[in-house]
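Presented below is the structure to which this report refers.
Ligands are counted one by one from 1 in listed order, and the atoms in each one are counted from 1 as well. Only this structure's heavy atoms are used, side chains among them; waters, hydrogens and symmetry mates stay out.
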Amino acid sequence: MDYTCCTLCPRMCRVDRTRRTGYCGCSSVLTAARAALHRWEEPCISGNGAGGSGTVFFSGCTLRCCFCQNHQISSGHFGKPLTAEHLASVFLRLEDQGAFNINLVTPTQYLPDIIKALDLVRHKLSIPVVYNSGGYERVETLKKLEGYVDIYLPDLKYFDPALSSKYSNAPDYFEFAAPALQEMVRQTGAPSWKTGSSLLARGTVIRHMVLPGCRQDSIRLLHWIRDSLPPHSFLISLLSQYTPFFHSSDYPEINRRVTSFEYGKVVDAAIDLGLTEGYMQEKSSAKEEYTPPFDLEGLNDF
Ligand code: SF4
Ligand code: SF4
């Protein structure tokens, strides 16, 4: 796996990233915007109370979601260049700070360096590695992560190609995300927990955020999950806190919050399908999704 003819993600740009950039806009220099404890993931990842998930936010992204809350780094590419050795030190430092896991956020475009960094320190880390992505992945790439990743935390965003094309510029999103999720579940097996705690040690958590006006698409995804993944082999996290961000105003139909009715219908469908292992939110508790400051915290000394 390297950057010289990049096929890391479904865009399959085949560019030499040591000389130019592909669709994601990332060169071969690994870049990240923040490495810090984060308490805003699902409770099985962030825990409750002290500590948190040791998140490393990588710059760039292979998707272009019009509602991206991290657009400053995903399309703006804000971040600091790091070597694999720096990244390895970041992982160790996060564990020293009390991280429950190493949470790689939007990592796909830098996997060659991330694997190098993990090779350097894997034997010293005693916490799980979380792969946190938009779900737009190639199975061939995921197979190279077997043995490196303990927990997959993918989004499953869209079923309908028209929606994924319009809002994330990826008409083939589901075509790739569906087998990618199956591969993730195959690698991790059913969820298992850190002894004596509610923290996940291994497993796959499928995240789905209900979009305004798109509840039927959400329900199609739930049917696919029920029909395509072995029962009890994953957790599901149904998110209600869609917040218009970035270019959402270019699409008036999604430039609003999700209603209680919309979210409730999706939750009802999940319950009817028996998809109850995981997380659902009280609509009354929906809040603007927390976006951490991208201020190079945890990276300034490199
Ligand atoms: S990671 Fe970037 S350069 Fe590589 S295939 Fe994907 S979009 Fe293209
Ligand atoms: S996958 Fe996530 S980080 Fe990437 S553009 Fe979409 S919302 Fe932003």
In terms of atom number and element, which parts of ligand 2 are under 4.0 angstrom from non-hydrogen atoms of Cys65?
1 (S), 5 (S), 6 (Fe), 7 (S)
For Tyr23, the atoms of ligand 1 under 4.0 Å from one of its heavy atoms are 7 (S), 8 (Fe)
Look at atom 6 (Fe) of ligand 1 and say which protein heavy atom is nearest, naming residue and atom and giving the distance to 0.1 Å.
Cys9 SG, 2.3 Å
If only side-chain N and O atoms count, and only distance matters, is there a donor-acceptor pair under 3.5 Å linking Tyr3 with Thr18?
no
Looking at Arg11, Arg17, Gln109, the heavy atom closest to atom 3 (S) of ligand 1 belongs to Arg17
Run the side chain to side chain contact (heavy atoms under 4.5 Å, CB included) check on Leu87 and Ile114 step by step: do they pass?
CA-CA 7 Å; Leu87 186 62; Ile114 291 170; 3.9 Å; yes
Please state which part of Asn70 comes within less than 4.0 Å of ligand 2, counting heavy atoms only: side chain, backbone, both or neither.
neither
Counting from 1, what ligand 1 atoms have a heavy atom of Gly22 closer than 4.0 Å?
3 (S)
Mind checking whether Phe67 and Tyr167 have ring centres under 6.0 Å apart?
no
Heavy atom under 4.0 Å from ligand 1: found in Arg14's side chain, backbone, both, or neither?
neither
Short N/O/S contact of Cys26 with atom 4 (Fe) of ligand 1 (below 2.8 Å):
no
Can you tell me if His232 has over 12 outside heavy atoms packed within less than 6.0 Å of its NE2?
no
Atoms of ligand 2 close to Cys61 [distance to a heavy atom under 4.0 angstrom, numbered from 1]:
1 (S), 3 (S), 4 (Fe), 5 (S)
Do Arg64's NZ or CZ and the ring of Tyr23 fall within the cation-pi criteria of under 6.0 Å and 45°?
yes
Quick one: look up the protein heavy atom nearest atom 4 (Fe) of ligand 1 and list residue, atom name and how far away it is.
Cys6 SG, 2.3 Å
Nearest non-hydrogen protein atom, atom 2 (Fe) of ligand 1
Cys24 SG, 2.4 Å
Counting neighbours of NZ on Lys194 that are heavy atoms of other residues, nucleotides or ligands and sit closer than 6.0 Å, is the number greater than 12?
no
Starting from atom 8 (Fe) of ligand 1, locate the nearest protein heavy atom and write down its residue, its atom name and how far away it is, to 0.1 Å.
Cys13 SG, 2.3 Å
Heavy-atom contacts under 4.0 Å between Lys157 and ligand 2: side chain, backbone, both, or neither?
side chain
Over 60° means perpendicular and under 30° means parallel, so classify the ring planes of Phe159 and Phe174, tilted if in between.
tilted
Going by distance alone, is a donor N or O of one side chain under 3.5 Å from an acceptor N or O of the other, for Ser126 and Glu95?
yes
Test: Arg257 cationic atom under 6.0 Å from Tyr242 six-membered ring centre, within 45° of axis
no
Would His71 count as a contact of ligand 2 if the rule is a heavy atom under 4.0 Å away?
no
